[in-house]
Amino acid sequence: MKFQRRQLVAAMAGLMLGLSAGAASAMGGPSGAAVGMPAQGHIGEVIVNPYKIAPLTAIVRTGGYVVKNASVRVVPKKGGREIAYKVSDRQIRTHAGIPIAGLYADYLNTVEVSYTRVSADGKSEDFTDRLQFYAPPVFSISNGMPGQQRMFNVEVNKVDPGFEDRLYLVNSQLIPMAPQGARFVWNNPAGGALEWTINSQIGIIDTAGDVRWYLLNDLINDQSDPWTSGLMMGFQQTKDGALTWGFGQRWVKYDLMGREIFNRKLPPTYADFSHAYDNAENGHSFLRVSMADYRRGDDKRVHTVRDVIIEVDPDGGVVDDFRLYDILDPYRDTLIKALDQGAVCLNIDPAKAGQTLSAADLANMDKSDKFGDIPGTGPGRNWAHVNSIDYDPTDDSIILSARHQGIVKIGRDHQVKWILASPVGWKKGLAERVLTPVDKNGMPLKCEGGFDWSWTQHTAWRIDSKSTKDVIYLSVFDNGDARGMEQPPLPTMKYSRAVVYKIDQKKMTVEQIWEVGKDLGYDYFSPVTGITKYMDDKDTMLVFWSTAGMGASPEKAGKLGRLHPRICEYRWGDKSLAVDLTLWDTCGYQAFPVSFEEAFSKN
């Protein structure tokens, strides 16, 4: 019996010694000439969310081998969409392994990786490993309200053959915002939009309606910190497959794995990035910002609001700025007086629905010290509200959508080339720049039949592949508030449109060649935000009816309705739908296709 007891004690001691050695290694002790991380395949371990901000990504480490010629296949759920792509050797070197993106949340994922493994002796072997690992649920910060829904609740209405592989980045916001933000404003001087700290919800969905990527943005976007807060906007996928965007006082670039390429604070001359970030063909980027300190004609110093464009080089230096209060007329009030004060961009106040401003209201405001993110005239108020920028490389100019003024093209000399907007209210020198509407034969339209201006629009973008130096095809999301410089008798008479204009810059004429939305009526009406974008790869017009149902929120369902933005792709030249997805209970800003091939295969 004593012998058995001694054996048991010896065995337990050996077990504890082994456990202690393993624990020491796990806690950071030296591992020696080995790595104790478990590997499922023929190379290294799997690290999920390697850069902490993209939880539906992973890396299969190389295991100390040279790995090349890799490809990835995320095996779809039943009824789901396959994601498969090749991986460049550059990506493998950058991430110390094979990058995987497009995992399912709260799911035991199955991923197939194929690759060539090269050993130290030069031996090359080809493998295909079938890996399984769990990815956690999608995380959303709580706004403390009972009606908040998960990100995203997608209803698939239609997906035509050939479009199943679409992946859409959705740039949306949590409404109402979480109360951690909006606790500070600018001082010395006052004004600006620092308090605009709406929480961002950024994800990528597939055409089965599943979330396949999302940004855990709280780690870089703290709404309680004035220097890192702000709504994330202006997303673009660059030629190297990475994403650029901005928020508040920062502009950033990260790849789809979550790896930081740069995260920069705005130069101190400027403040309050939002809405628009355009990566131009000249290698520079254009950002929509404001002036951090502007001395007005009445000697009052203010932060301005959404009325400055800066051009930055790859190193972050500011090579030019376009101060719109010097280029346009900051006191043109014709549209501002007609705006529905209940929905001015994402400043939503149902108590003011249907209300407008008078000339007397604006005049009294200008005499006061009331500045900031409020509709009004003059520098220091939201008189322009620029929400898109597009660089035209053929004449080194920029095309701007100014929600409260119109669409304008401005040259390198800071002079207005043309204006696409109602001719009402423009002062001399600008009035002559307003384009003339024409029919398909080039004849001026007397009653504007078959033509309408855009009203409180978003995204005025040049369709590069269809445009020339003289003739531009321009895609516009016409929100439609204050259409005709008035509010209609009934709110349900409002509608939004996706529009394509053809502009002859030599003749100074504009023809409307395509539209959709008028016939869809109030159900698709999106009073704020939205996108219309031509997609070269499938010859379609992408339209995001981003705030259909605005004024609604889940906790008020039945009284005001329900938010139901839609992602639609229409075939070029007609109104036939190739894709139609509804995002229930989502307050959208923009949405557009992203390419994993650009992110992982071509770069």
Side-chain angles (χ1 to χ4, degrees), residues 51 53-57 74 81 83 85 99 101-105 138 140 150-154 156 159 163-174 199-217 220-221 231-247 251-259 261 274-279 388 458-459 461 477 529-538 540-547 565-569 579-583 586-600 603:
Y51 299 103
I53 66 170
L56 300 185
T57 66
V74 181
R81 301 302 191 199
I83 290 180
Y85 54 87
L103 300 173
Y104 289 102
V138 174
S140 294
R150 66 181 174 89
M151 181 182 75
F152 297 98
N153 180 10
V154 182
V156 179
V159 179
F163 289 81
E164 301 94 337
D165 61 344
R166 276 293 199 223
L167 294 166
Y168 296 100
L169 185 143
V170 181
N171 179 184
S172 66
Q173 47 276 326
L174 183 61
N199 305 88
S200 305
Q201 293 188 312
I202 314 299
I204 294 175
I205 60 173
D206 65 19
T207 54
D210 290 304
V211 177
R212 307 300 294 270
W213 182 95
Y214 78 97
L215 187 65
L216 193 60
N217 51 281
I220 61 173
N221 182 216
L231 178 60
M232 293 182 165
M233 305 178 91
F235 282 82
Q236 280 193 352
Q237 186 173 28
T238 56
K239 291 181 178 180
D240 61 6
L243 297 174
T244 56
W245 73 93
F247 50 96
W251 87 100
V252 304
K253 183 176 184 179
Y254 288 78
D255 67 20
L256 280 175
M257 296 300 295
R259 181 180 67 94
I261 298 171
S274 67
H275 290 83
Y277 183 142
D278 184 47
N279 296 295
S388 81
H458 283 70
T459 63
W461 288 337
F477 189 85
T529 71
I531 184 173
T532 302
K533 180 180 177 65
Y534 177 71
M535 304 307 305
D536 282 278
D537 62 337
K538 296 186 186 290
T540 56
M541 293 302 303
L542 170 83
V543 183
F544 187 33
W545 309 95
S546 57
T547 50
R566 298 177 86 126
I567 298 173
C568 297
E569 287 199 57
V579 177
D580 184 9
L581 309 175
T582 303
L583 281 68
T586 298
C587 185
Y589 176 58
Q590 292 183 351
F592 58 89
V594 293
S595 169
F596 278 25
E597 184 180 15
E598 292 287 346
F600 300 112
N603 292 284

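For the salt bridge (Lys or Arg N to Asp or Glu O under 4.0 Å) test, residues two or more places apart in sequence or in another chain that qualify with K253 are D240.
The shortest distance between side-chain heavy atoms of Q236 and F592 does not fall below 4.5 Å. Proximity of Y168 to P593: side-chain heavy atoms (C-beta onward) are separated by under 4.5 Å at one or more points. The shortest distance between side-chain heavy atoms of I567 and V170 falls below 4.5 Å. Between Y589 and I531 there is no side-chain heavy-atom pair separated by less than 4.5 Å. Annotation: side chain of L243 is not in contact with side chain of L215 (no heavy-atom distance under 4.5 Å). Side-chain contact between M233 and F247: absent, with no pair of heavy atoms (C-beta onward) separated by less than 4.5 Å. Contact of the T540 side chain with the V579 side chain is not registered, since no non-hydrogen atoms from C-beta on lie closer than 4.5 Å. Here the side chains of Q590 and T459 are in contact, with some heavy-atom distance below 4.5 Å.
In this structure, the separation between CG on D165 and OG on S595 is 9.0 Å, given to the nearest 0.5 Å. If you take CZ on F596 and OH on Y85, they are separated by 6.5 Å, rounding to the nearest 0.5 Å. Separation of atoms CG (L103) and CD1 (I83) is listed at 8.5 Å; rounding is to 0.5 Å. A distance of 5.0 Å separates CZ in F235 from CG in N171, rounded to the nearest 0.5 Å. We find the CE-OG1 distance between M151 and T586 to be 9.5 Å, quoted to the nearest 0.5 Å. To the nearest 0.5 Å, atoms OH (Y214) and CG (L169) are separated by 14.5 Å.
Summarising the geometry of A276 relative to S388, their closest heavy-atom pair is CB-CA, 3.7 Å, with the distance given to 0.1 Å. Across all non-hydrogen atoms, the minimal contact from G102 to V74 is O-CG1, 3.6 Å.
Distance alone, capped at 3.5 Å, places no donor-acceptor pair between the T529 side chain and the S546 backbone. In terms of modelled atom types and a separation under 3.5 Å, the side chain of D210 and the main chain of R212 share no donor-acceptor contact. Under the 3.5 Å distance criterion, the side-chain polar atoms of N217 are left unmatched by any main-chain donor or acceptor of Q201. Judged by distance alone, with hydrogens and angles left aside, the side-chain atoms of N603 form a donor-acceptor pair with the main-chain N or O of K239 at under 3.5 Å. In this structure, the side chain of Q173 engages the main chain of C587 through a donor-acceptor pair within 3.5 Å.
Side-chain contact, R166 with T207: no donor N or O sits under 3.5 Å from an acceptor N or O.
Under a cut-off of 6.0 angstrom, the local environment of CD in E164 is crowded, with over 12 non-hydrogen atoms contributed by other residues, nucleotides or ligands.
Within the cation-pi definition used here (under 6.0 Å to the ring centroid, within 45° of the axis), R259 does not qualify as a partner of Y254.
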